[in-house]
2 protein chains.
Amino acid sequence: MKKISDSTIRRLSRYYRSLDQLIKKNMETVSSDQLAEMDGITSAQVRKDLSFFGTFGKRGLGYNTKRLQSQIGEILGLHKNWRVAVVGAGNIGRALVKYEEFSKQGFQICLVMDADPEKIGTSVGDLITRDTRNLKALIKREKINIAIIAVTANAAQKVADQLVEAGIKAILNFAPISIKTPPEVRVKSENTAIEIEALSYFLTQK
Amino acid sequence: MKKISDSTIRRLSRYYRSLDQLIKKNMETVSSDQLAEMDGITSAQVRKDLSFFGTFGKRGLGYNTKRLQSQIGEILGLHKNWRVAVVGAGNIGRALVKYEEFSKQGFQICLVMDADPEKIGTSVGDLITRDTRNLKALIKREKINIAIIAVTANAAQKVADQLVEAGIKAILNFAPISIKTPPEVRVKSENTAIEIEALSYFLTQK
DNA sequence: GTGTGTGAAGGGTTTCACAGCA
DNA sequence: TGCTGTGAAACCCTTCACACAC
């Protein structure tokens, strides 16, 4: 399969959400122009993004909202009921466990771990915090597909190594540090500090 | 000033953090090769990024870690003690108020707001949750520079409009929806659902 | 007429490769 | 010799513009 750019995939996620809104408003069809307007991009971009995966629209008419959403969901693999683990039961970890946007799209958080004895055994949402010392066994037993790292910068690489050893192929990293993994493992980083520093730069320029 | 790409700015933030580690290990100098290796990019990229802002290294030697860090800090405006407000005292909002990575870099959260009467008056870290109805006045009184939106998708645009009206020029948006603002306002979005969906896509492809 | 799908053009970012300085 | 700084080349992504289907 042709290599699809990361930006395209991210935009598909956005289209998926925009379609949600339209469907709630009982809109049956949508044009690339409308979708583009909702996401602040160009209509050519929308059509090009979709064209990588097939032809979903009708010329002169646009796209059927429900069908397009379900097709994008299919492309992104959102029908798959992913099992997710969160490593780190600090502020961010706990907020993620309770984040509704996950469960809504089939990402089920089934495991929370921490290394701190004070935290082990405490409940987070419906889950009980487990000991990271048992990481490998827990990941396997719970058949986890995706792991979220929400530990400190110091601990992040070690956790990542353990996750890789446990067979995890997809990691979402919230620690403010780049982590190293073998090429077959995909890592996405979410680093709020970096985003706010970009705002700082912008304000400083003006 | 020449337009600098967003990716360059984001990488500068990463270099800043990588330099942190090196400084902690008492390394006096670093080459673009080493920095690149730490962040999983190429050395040419590092040198190119820095070259937009000046010449910071010594040929044959590399860069002085402390000096380079402070120069990057200067570029990003990290010395400025930004005053930050968080709108939305849900799970994410509360986690952000307590996020240490912010205060460490001079981003001081001085205001938390929510619309829910149950939440108004409750404390989050050192702050008391205020009523969003007073948003404009509070933003002005606290001299806020940067606002973080951590409310639901439904409420996000309305909050954004109020923030713009209150004179805010930089917004970090955690709501899973694109928000519209006038061109002079910079918005950065952090959307964990989008990142995890990219992982879902990756796992689905294999 | 309307709006999609797409090859081609355009613009921007990354990588290459090397001159030049410590 | 070692490593930076930087034009030029390569690459990738976005935008244009129009044929074509409804």
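Hydrogens, waters and symmetry mates play no part in the numbers below; they use all other heavy atoms, side chains included. Letters A, B, ... mirror the listed sequences (proteins, then strands); counts begin at 1. Fair warning: this is a prediction, and the values are worked out from it, not measured in the lab.
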CE of Met113(A) to CG of Asp131(A): how many Å apart, nearest 0.5 Å? 10.0 Å
Counting only side-chain nitrogens and oxygens, does Gln45(B) get under 4.0 Å of the OP1 or OP2 atom of dT15(C)? yes
Its contact letters, B for base, S for sugar-phosphate only and - for none at protein heavy atoms under 4.0 Å, make nucleotides 4-10 of chain D read BBBBB--
For a side-chain hydrogen bond (donor to acceptor under 3.5 Å, both in side chains) with Asp20(B), tell me which candidate from Lys25(B), Gln69(B), Lys104(B) qualifies. Gln69(B)
Distance check: side-chain N/O of Thr42(A) vs OP1/OP2 of dT15(D), anything under 4.0 Å? yes
Can you measure Asp49(B) atom CG to dT13(C) atom P for me and round it to whole angstrom units? 11 Å
Looking at every strand, decide which applies to Ser7(B) at a 4.0 Å heavy-atom threshold: base, sugar-phosphate, or nothing. sugar-phosphate
Nearest-angstrom distance from the residue atom CG of Leu68(A) to P of dG3(C): 16 Å
What is the distance from CD1 of Ile4(B) to P of dG12(C), rounded to the nearest Å? 13 Å
Give a yes or no on whether the backbone of Ala89(A) and the side-chain of Asp114(A) come within a donor-acceptor separation of less than 3.5 Å. yes
The complete set of salt bridge (Lys or Arg N to Asp or Glu O under 4.0 Å) pairs with one or both residues in residues 29-50 of chain B, sequence neighbours excluded, reads Arg11(B)-Asp49(B)
Atom CD1 of Ile9(B) and atom P of dT13(C): how far apart are they, to the nearest Å? 11 Å
Between C1' on dC3(D) and CD on Gln34(B), what's the gap in Å once rounded to a whole number? 11 Å
Locate the shortest heavy-atom distance separating Ile146(B) from Ile168(B); write the atom from each residue and the value. N-CD1, 4.5 Å
Roughly how far, to the nearest 0.5 Å, is CZ of Phe53(A) from CD1 of Ile4(A)? 4.0 Å
